[in-house]
Amino acid sequence: MAKSANTEKENQAFKILKRLRQVSEDQSEISVRLNTIMSVIAEEMGYDGVSCFVLLEENILELFATSGYNAAACHKVTVRIGEGLVGTVAKNCRPLVLSEAKKHPKYISKDNFKEEDYQSFIGVPLIRRHKAIGVLMAECKEERDYSRKEQETLETLAMFIADIVSSEEMQAYKAELIKSRGLMTKDKIKGLSLSKGYGLGQAVLHHRRHVVTKIFAEDKDKELDRLTLAHQQMNDDLDEKFNSTKLGLGEHTDILDAYLMFAKDKGWFQKIADNVMSGLTAEAAVERAYEDMWNRLSATQDDYLKERLHDLRDVSERLLSYLSGDYVENSKIVEESTDIIIVAQSMGPAELMDYDHTKIRGLLLEEGTPTMHVAIVAKALNIPVVAKIKGLYEEIKSGELIALDGNEGIVYLHPSEETQKKFLAKRAERKQLQEKLAALKNLPSQTLDGIRIGHYINVGMNFDLDYIDSANCDGIGLYRTEIPFMSSSAMPNVEKQIGFYKELMDKAGYRKVIFRSLDVGSDKLLPYWAGLHEENPAIGWRSIRITLDRRAILRKQIRAFIEAAAGKELNVMFPMISNLAEFEESKETLLIEYEKIKRSGDKLPAKINVGLMIEVPSVVYQLDEILEQADFVSVGTNDLAQFFFACDRGNPRLSERYDVLSAPFLRMMKEIVNKANQHKVYCSVCGEMASVPIEAFALIGLGYRNLSSSGSAYGRVKSMIRSIRVSEIEDYMNLLLHSKNKTLRPQLMAYAYDHGVEIY
Ligand code: PEP
Ligand code: MG
């Protein structure tokens, strides 16, 4: 029976979709096609009226197409998110089915839309990026009991319409509409929010990738003068920086050494000058000089010489930026301004740290995904980030004023006085929220029904250490040891490492600290290791795979951990473990170093716990055996999700395609925590899920009792914890795990909203 009902449902949806596809291939204008689509749905489903509302401005839904109603109401009727029935569907991001619409407390009538003529209502959201981008609604003049089957059919149709609404053609149509009304111009651009907050400041273009477009010079002498001047300016600046200890934009002293070596090299300058005299522009001449050198050195096996090629690339880029005027401009802005917004095509995490982070009010990226490391670092610094805005880099000029809304993912170029005021007010509001959260400092991360959650922070950058006190956390659930490696100019030796680790342990005091062994590779590259250029770096030679193959690196790091933790508890965790054997091999390496230190008579840690990160799905299927050997586990949901969904965490095209808040992923998460509990092994989550309140909420519902959040998200997660009752959410989560929906985010958000869960 069930099977045939299903088939019938699929057939109906299939039949309508087939007709809708034909309509959408029609050559008519998109607005006409959308109206026809409404008519087809009304006819096929037997509704008196069908309409489509589309999110046009922040918070405002507008009637875009209709059948059965007053067609003149199109583009005239608008509702706010949360207003009326349509606004409620969008706000909760879930369907609303009412056999007697007028009895619903949110029912309103819109004069020219004649909602009052209709008795029953069904509305489903059009969803993209887990948010409602519109609403498809239908009404009947009679009271009507809409069946579950009908609702599902409408949801399928809504997916089809959501595709149309987010198509490029529709974007262009909307842009025209908006422009014609003067609501939004090309100065108001929508991107993807990666870190919340509001920023106002002057643009600093991060490393323009110089593309030399003009090859031949009209006047050789003038060109030589330009080159000489830029070269001189660059050298003067380098001397000044080198002589003062103050480091400028993007430099470390060792790197300056390398710059200086090339910058002052007469042979290099002469080569460029010769190229200019042969008729090239100064820019083309710099490129030619680099290419010559590259041709000579790239085939060499000598790592030192290869490294020098990187330096030469850097110094050539620098000279190019002096020639274009960008470098001088940027340095001036960074120096003189107190508020800067960094604009980059893409960026590594260490590069962000090249800037004085106390001045950074925002980061704009042309590319970007939520779990990319620069986004994690920016979040840790409370810097709002908006990403995925193509062409932005070309659009923005150094020094111009930008306002950035990290909550909605909107960027305002040339913000008006009014927008600036609005931003300053929003910033003040956010500050108030931060103060409210800071006031929770001395209260425990405990639920309303008295369950204490072990609540830790993730540490990588130095500034993260400040959160130990300001968050008053239970400890450090993840210390990303690769970060100090990434910001050093050479591989730190054992003594240097002991220094880093001791400093951390001293700061942590009595609190627990979990050290993760070096997790490099993929998007975490060490500046002193030449890139490997693998086809698939995320699933390539990285993390524990590197350190087990280059065992000396791992041994030295373990030695440093043991020495730094003398007399204290030491927790060491290995990343990217794919099977039991790999964990055993890593643990064995630790034990050998331990024995060596013991023999040398040095003071040992009081206790050592050895654990692993669960971030490769294969270990989930060997958990029983692994948990027999592990003292603790921590789930790295960033990598686990990327491998689980076969979805590169750094690929912006995929970032909206899968959701950790979906039944398959949550079922696996539940399996992990259940197994750990059976084996009585400490289990935590240290991936980004533990830093996003709604996701952390789901984790607690699954049974997780230890979370390691980023320092900047700590207060928001604590506030969520303090507003929930575990006994209530556990049942709800169990129910959701059977859902067939692509994402459970809307349901969880709606639940949180209905139950007063604090999600900031
Ligand atoms: C993870 O993968 O979830 C994790 C915490 O590690 P990282 O983000 O440093 O790869
Ligand atoms: Mg990871």
Side-chain angles (χ1 to χ4, degrees), residues 194-195 348-350 352 368-380 456-461 464 476-487 513-526 537-547 571-578 582-583 586 611-620 632-651 655 658-661 665-666 668-669 672-673 683-692 695-696 698-699 704 706-714 717:
L194 292 188
S195 172
L352 184 65
T369 59
T371 57
M372 82 193 285
H373 281 97
V374 70
I376 295 177
V377 171
K379 251 194 217 166
Y456 304 84
I457 58 164
N458 292 346
V459 168
M461 301 293 183
D464 286 327
I476 292 159
L478 164 66
Y479 176 34
R480 292 185 161 103
T481 59
E482 59 279 3
I483 307 274
F485 277 68
M486 284 161 77
S487 48
V513 176
I514 299 182
F515 288 97
R516 173 170 80 182
S517 75
L518 197 60
D519 183 25
V520 290
S522 194
D523 69 335
K524 289 183 276 190
L525 301 175
L526 297 179
I539 48 172
W541 194 55
R542 55 175 287 206
S543 192
I544 196 73
R545 302 165 181 185
I546 295 185
T547 51
N571 299 290
V572 177
M573 164 163 90
F574 297 110
M576 278 281 290
I577 295 287
S578 305
E582 228 164 37
F583 179 57
S586 314
L612 67 144
M613 289 195 71
I614 297 190
E615 39 187 2
V616 182
S618 56
V619 297
V620 180
F632 66 93
V633 291
S634 188
V635 190
T637 47
N638 308 336
D639 276 315
L640 187 61
Q642 111 163 313
F643 301 133
F644 182 78
F645 292 117
C647 165
D648 179 353
R649 73 194 244 186
N651 185 337
S655 56
Y658 309 96
D659 195 352
V660 287
L661 292 184
F665 192 74
L666 293 179
M668 176 171 59
M669 292 298 289
I672 296 169
V673 71
C683 174
S684 73
V685 174
C686 61
E688 274 299 285
M689 275 188 91
S691 298
V692 181
E695 296 175 10
L699 291 173
Y704 284 86
N706 295 293
L707 301 175
S708 192
S709 314
S710 70
S712 61
Y714 196 89
V717 176

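Numbering of ligands and ligand atoms starts at 1, following listing order. The model shown is predicted, which means the values in this text are computed figures rather than measured ones.
- Minimum heavy-atom separation, Ile544 to Ser517: CD1-OG, 4.1 Å.
- For the pair Arg516 and ligand 1, a heavy-atom separation below 4.0 Å is found.
- Against a heavy-atom cut-off of under 4.0 Å, Leu478 is close to the following atoms of ligand 1: 5 (C).
- A donor-acceptor pair under 3.5 Å links the side-chain atoms of Asn706 to the main chain of Cys683, judged by distance alone.
- Sorting the N, O or S atoms of Asp639 by how far they are from the Mg ion (ligand 2) puts OD2 first.
- Interface atoms of ligand 1 facing Arg649, defined by a heavy-atom separation under 4.0 Å, are 2 (O), 7 (P), 8 (O), 10 (O).
- Across the listed options Glu482, Glu688, Glu615, Glu615 owns the non-hydrogen atom lying nearest to atom 2 (O) of ligand 1.
- Looking at Cys686, Ser708, Pro484 one by one, the single match for side chain to side chain contact (heavy atoms under 4.5 Å, CB included) with Tyr479 turns out to be Pro484.
- Against a heavy-atom cut-off of under 4.0 Å, Asp639 is close to the following atoms of ligand 1: 1 (C), 2 (O), 3 (O), 10 (O).
- At least one heavy atom of Met613 sits less than 4.0 Å from an atom of ligand 1.
- Nearest N, O or S atom of Glu615 to the Mg ion (ligand 2): atom OE1.
- Counting only heavy atoms from C-beta outward, the side chains of Glu688 and Val660 never approach each other to under 4.5 Å.
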Working for side chain to side chain donor-acceptor pair (under 3.5 Å), residues Asn458 and Ser710: CA-CA 5 Å; Asn458 292 346; Ser710 70; over 6 Å; no

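- Only the side chain of Asp519 comes within 4.0 Å of ligand 1, judged by heavy-atom distances.
- Atoms of ligand 1 found under 4.0 Å from any heavy atom of Gly687 (numbered from 1 in listed order, with element): 3 (O), 5 (C).
- Shown here for Asp519 and Ser543, the closest heavy-atom pair between the two residues is OD1-OG, 2.6 Å.
- Leu518 and Thr481 make their closest contact through N-OG1, 3.6 Å (heavy atoms, listed as atom of the first residue, atom of the second, distance).
- Smallest separation of non-hydrogen atoms from Ala696 and Val717: CB-CG1, 4.1 Å.
- Contact annotation for Arg480 and ligand 1: only side-chain heavy atoms (C-beta onward) come within less than 4.0 Å of the ligand.
- Here Asn458 has no heavy atoms under 4.0 Å from ligand 1, in either its backbone or its side chain.
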